[in-house]
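Here the structure is laid out as structure tokens; the discussion comes afterwards.
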Amino acid sequence: MPTATTPKKLDMKDFKAEVPPDWCPGCGDFGVLNALQRACAELGIQPHELLVVSGIGCSSNLPGFFRSYGVHSLHGRALPFATGAKLANHAMTVITTGGDGDGYGIGLNHFIQAMRRNINLTYIVMNNEVYGLTTGQVSPTSETGMKTKTTPDGNLEGMLNPLALALASGCGYVARGFSGDVKHLVKLYQDGIRYPGFALIDVFSPCVTFNKQNTYPWFRERVYRLEDKGHDATDFHAAMDRALEWGEKIPIGLFYRNPNPPAALDTQDPGLQSGPLVSRPLGLTMEQRAKLIAEFM
Ligand SMILES: Cc1ncc(C[n+]2csc(CCOP(=O)(O)OP(=O)(O)O)c2C)c(N)n1
Ligand code: SF4
Ligand SMILES: [Mg+2]
């Protein structure tokens, strides 16, 4: 029988912020947000137990539209910020969100380092293969030949492959979704949040305003679900083969889940074993605290 202290059953409205999203009508990021609200509600995570950290970009505006603790940090710096927050309070569920430019461009080194360190974070990248917020420049995931504001004669560079990079960097949960398939995305998020280590969910999230190449119909024609093809997500080499697939057909779903997840950094750090740092007494007097705050202000 429910008591006054029994947490109430959540639904996605509990994760809706007062501010409605201001993305362009039809932007893929709506599906990403919607799926995240549903995933968190179904997992029963309370908004106060959750932190969502982003960088800068249209996609990185997400924490403003999501009811939980949130940080809209600096371009490319969401993962370092989230790492610090997780180590300060490892009892908190920490989700990082952002765009392809944010995570795979300016933030690429942080992306690799976070996977190598195996911090227990879930990283959701709204991959629209373009810089949306700054009005349509080429991104590391733009296709070769793609015409953008900065590549009017076509992109000469090769595409970055985030999934292959994640596998090679030791990421234990590697998935890709499509914002046109929200139900599928909810499951990928839930499994990623439950995974006890760094989890990447790259999401095709079309920019309807500045990417006229990788549109909803373009993706709908190509994407297929790995689970419909009998893919074994515990097989690292099979995952790498699928991650390299790009063309007429493009896989989405769970590419890899390490069957023997290594211990995440926060569970190993000796300094964290007696509980989250934020719950421990600082051992400072009020005067010492005031002095420290004054020094850093
Ligand atoms: C240090 C720094 N460099 C550049 C910028 C300008 N800037 C803001 S968002 C952005 C790209 C955003 O692209 P992406 O991360 O793919 O997000 P989207 O808008 O496509 O969702 C850039 C270059 C910035 N804010 N800070
Ligand atoms: S510019 Fe593109 S990414 Fe930004 S809100 Fe509009 S459709 Fe979405
Ligand atoms: Mg982008």
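Just so you know, ligand 1 is whichever comes first in the structure, and atom 1 is the first atom listed for that ligand.
Looking from atom 4 (C) of ligand 1 to the surrounding protein, the closest heavy atom is H75 CD2, 3.6 Å. For atom 7 (S) of ligand 2, the nearest protein heavy atom (residue, atom name, distance) is V208 N, 3.5 Å. Looking from atom 17 (O) of ligand 1 to the surrounding protein, the closest heavy atom is S59 OG, 3.5 Å. In this structure, the protein non-hydrogen atom closest to atom 3 (S) of ligand 2 is N128 ND2, 3.5 Å. Nearest protein heavy-atom neighbour of atom 8 (Fe) of ligand 2: C27 SG, 2.4 Å. Atom 6 (C) of ligand 1 has its closest protein heavy atom at T134 CG2, 3.9 Å.
Under a 4.0 Å criterion applied to the non-hydrogen atoms of F210, ligand 2 contributes the atoms 1 (S). Listed by number with element, the atoms of ligand 2 under 4.0 Å from a non-hydrogen atom of T209 are 6 (Fe), 7 (S).
By the 4.0 Å heavy-atom criterion, L133 is excluded from the residues contacting ligand 2. Within the 4.0 Å heavy-atom shell around ligand 1 one finds I106.
Of the heavy atoms in I56, both backbone and side-chain atoms come closer than 4.0 Å to ligand 1. If you look at T135 next to ligand 2, there are no close heavy atoms at all, none under 4.0 Å. At a heavy-atom distance under 4.0 Å, only backbone atoms of V130 (N, CA, C or O) approach ligand 1.
With the Mg ion (ligand 3) at the apex, V130 O and D100 OD1 define an angle of roughly 110° (rounded to 10 degrees).
Aromatic ring orientation, W23 versus F65: perpendicular (interplanar angle above 60°, classes split at 30° and 60°).
Around atom 4 (Fe) of ligand 2, the closest heavy atom drawn from G26, C24, C207, C58 belongs to C58.
Residue D102 does not count as close to the Mg ion (ligand 3), with no N, O or S atom under 2.8 Å. Between the Mg ion (ligand 3) and N128 there is an N/O/S contact shorter than 2.8 Å.
Side-chain atoms of D266 and N120 form no donor-acceptor pair, as typed in the model, at a separation below 3.5 Å. For the 3.5 Å distance criterion, the side chains of E245 and Y224 qualify, holding a donor opposite an acceptor.
We find that D181 and R225 are joined by a salt bridge, their nearest charged nitrogen and carboxylate oxygen being less than 4.0 Å apart.
Of the options N155, T150, T151, a side-chain contact (heavy atoms from CB on, under 4.5 Å) to S142 is made by N155 and by none of the others.
No cation-pi contact links R220 to W218, judged by a cut-off of 6.0 Å to the six-membered ring centre and 45° from its axis.
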